[in-house]
Visitor: 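After the structure tokens below, expect a handful of questions from me.
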There are 2 protein chains.
Amino acid sequence: MCANRVGEHKQETRIQAKNRAAIKRAALKVFSENGFLGSTLDQIAAACSMSKPNVLYYFSGKEAIHRALLEELLDNWLAPLRHMDPDGEPISEILAYVDRKLQMAQEFPMESRLFANEILQGAPRIEDFIRHDLKDLVDEKAAVISGWVEAGKIAQVDPYHLIFSIWAMTQHYADFEIQVRLILPDGTDPYEGASTYLHTLFVSLLTP
Amino acid sequence: MCANRVGEHKQETRIQAKNRAAIKRAALKVFSENGFLGSTLDQIAAACSMSKPNVLYYFSGKEAIHRALLEELLDNWLAPLRHMDPDGEPISEILAYVDRKLQMAQEFPMESRLFANEILQGAPRIEDFIRHDLKDLVDEKAAVISGWVEAGKIAQVDPYHLIFSIWAMTQHYADFEIQVRLILPDGTDPYEGASTYLHTLFVSLLTP
DNA sequence: ACTACTCTTTACCAACCAGTCAAAGAAATA
DNA sequence: TATTTCTTTGACTGGTTGGTAAAGAGTAGT
């Protein structure tokens, strides 16, 4: 057995890495479709073709799988907003943020739905994250946007509601994907139309 | 026993009306917080201070309670959009629609979350409603909006994405209420700020 | 009072739930 | 090869789930 260490933790074996990843992939699908309470270990085990005790060999319980999933997600969740550059050109910085969020909704709709499920059910497991990590970041970027407003670089808008509206509209295409697809005329790509629409929307809102 | 009839159905007694309403009130709370799969009959029974078999005396099962709730909701769900008047002044008609949707989010957040839960989980019980009732109405109103665009009364926008964006932003304040309240500075009323912001947003988007 | 009906509860069931455990089966190491 | 460690599983448990059966309690008409 190799004695590799990373910090305090033993290195994962190839099998462990592969199986843990397979379980998380399956669990993401199950949790994002049914929510935490509505999902069962049997569903997750079936989705990754493992026996239930084997799943529990890699994670200490249902809660632990869910926690691992959320922890990975929350890191990536902040990235698009964090990348908004205070020194960049205001309108293109905001449009770039919209694009990144929309791209995340398109590429990771299950992650978006996992998050939505969690918030919808009162955010029991991520209240601290929202209260501290997310709030601090939003406060910081809201101050940046307020600076842009005061400098006359963009029109007068409430920075918090601006951010909320970006979240709402981009995540809507992932979270309500079924509805969007059922209502949009057949063959229409939701994300293509959304991108064009959102650019028009925010340019007309923000141009002073 | 009174022999009143309404159509083919016997009239509900006062007790029946009262208890059915109490069960639905309790079930709305439970379902909107936990989703259909995550909710239990025991929770619903406890929330209306009845025994579980007594709840099942009034509804044939968990599914039936949920169905009754959705049916009532879906009627009201279409109303705000249906009231958009093709002959009215375009921008104020759209702003009035935004206001009605925002007011619904504020007054009936649990209903909004019940709907969100349902869509998020793939709309298994309301696919027909979305595919026919909702889609027909949206198609009709999208045509109206397209007419306004062609008449030069409002700026050029995709009517479907316009409607999606109104849904997304108004429902966001109900569905993600916890997040909104945790991030907004203390003492700020989400809906007051949202109303102002959304007016600015859509006026600047739609003014030709 | 009696009767007929509505409403409510206690006790219960089969299916399913998260999680355990001992032991068998594979891999890696020596 | 023998041995140790890692991986997998079948059988099980105690608790919860949606739902039922049947009997009791309440109510109104006669």
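Chain naming here is simple, since letters A, B, ... match the order of the sequence lines and numbering starts at 1 in each. Computed from a predicted model, the values in this text were never measured in an experiment.
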Visitor: For the residue pair A:Glu177 and A:Pro109, what are the closest heavy atoms and their distance?
Guide: OE1-CB, 4.0 Å
Visitor: When the distance from CG of A:Asn19 to C1' of D:dT9 is rounded to whole Å, what number comes out?
Guide: 14 Å
Visitor: Among C:dC7, C:dG19, D:dG18, find the nucleotide with the atom closest to the side chain of B:Asp42.
Guide: D:dG18
Visitor: Confirm from the modelled atom types if B:Lys62 and D:dG19 form a donor-acceptor pair under 3.5 Å, side chain to base only.
Guide: no
Visitor: Specify the residue among A:Pro53 and B:Ser39 whose closest nucleotide of DNA chain D lies further upstream toward the 5′ end.
Guide: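 That would be A:Pro53.
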Visitor: When you check the gap from the basic side-chain N to the acidic O, do B:Arg67 and B:Glu71 get nearer than 4.0 Å?
Guide: no
Visitor: Report the distance from atom CG of B:Asn34 to atom C1' of D:dG18, rounded to the nearest whole Å.
Guide: 16 Å
Visitor: Measure the distance from CD1 on A:Ile23 to P on C:dA18 and round it to the nearest whole Å.
Guide: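 Taking atom P of C:dA18 as the reference, CD1 of A:Ile23 is at 14 Å.
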Visitor: Of all the choices, C:dA18, D:dA11, D:dG18, which nucleotide is nearest to the side chain of A:Lys52 once you look at every atom?
Guide: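 The listed nucleotide nearest to A:Lys52's side chain is C:dA18.
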Visitor: Among C:dC7, D:dT7, D:dT20, which nucleotide sits nearest the side chain of A:Tyr57?
Guide: D:dT7
Visitor: Is the distance from OP1 or OP2 of C:dT9 to the nearest side-chain N or O of B:Ser51 less than 4.0 Å?
Guide: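 It does, given that an N or O in the side chain of B:Ser51 lies less than 4.0 Å from OP1 or OP2 of C:dT9.
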Visitor: So what does A:Phe59 hit on the nucleic acid, given a heavy-atom distance under 4.0 Å: a base, only sugar-phosphate, or nothing?
Guide: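 Nothing: the residue A:Phe59, judged by heavy atoms under 4.0 Å, touches no strand.
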Visitor: In whole angstroms, how far is the P atom of C:dC16 from the CD atom of A:Gln43?
Guide: 12 Å
Visitor: Return no unless some side-chain N or O of B:Gln16 is found under 4.0 Å from OP1 or OP2 of C:dC7.
Guide: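 Yes.
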Visitor: What's the shortest heavy-atom distance between A:Gln121 and B:Gly35, and which atoms?
Guide: NE2-N, 4.4 Å
Visitor: What is the separation between atom CG on B:Leu56 and atom C1' on C:dC12, rounded to the nearest whole Å?
Guide: 14 Å
Visitor: Which is more 5' along DNA chain D, the nucleotide nearest B:Ile15 or the one nearest B:Phe36? Just name the residue.
Guide: B:Phe36
Visitor: So which nucleotide from D:dT20, D:dT9, C:dG19 ends up closest to the side chain of A:Leu41?
Guide: C:dG19
Visitor: When you check the phosphate oxygens OP1 and OP2 of C:dT10, does a side-chain N or O of B:Asn54 lie under 4.0 Å from one of them?
Guide: no
Visitor: Of all heavy-atom pairs between A:Ile130 and A:Leu134, which one has the smallest distance, and what is that distance?
Guide: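 Looks like O-CB, 3.6 Å.
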Visitor: Atom CE of A:Met50 and atom P of C:dG25: how far apart are they, to the nearest Å?
Guide: 20 Å
Visitor: Of the nucleotides D:dT17, C:dT8, D:dT7, which has the atom closest to the B:Thr40 side chain?
Guide: D:dT17
Visitor: Using 30° and 60° as the class limits, which term best fits the ring planes of B:Phe31 and B:His66: parallel, tilted or perpendicular?
Guide: perpendicular
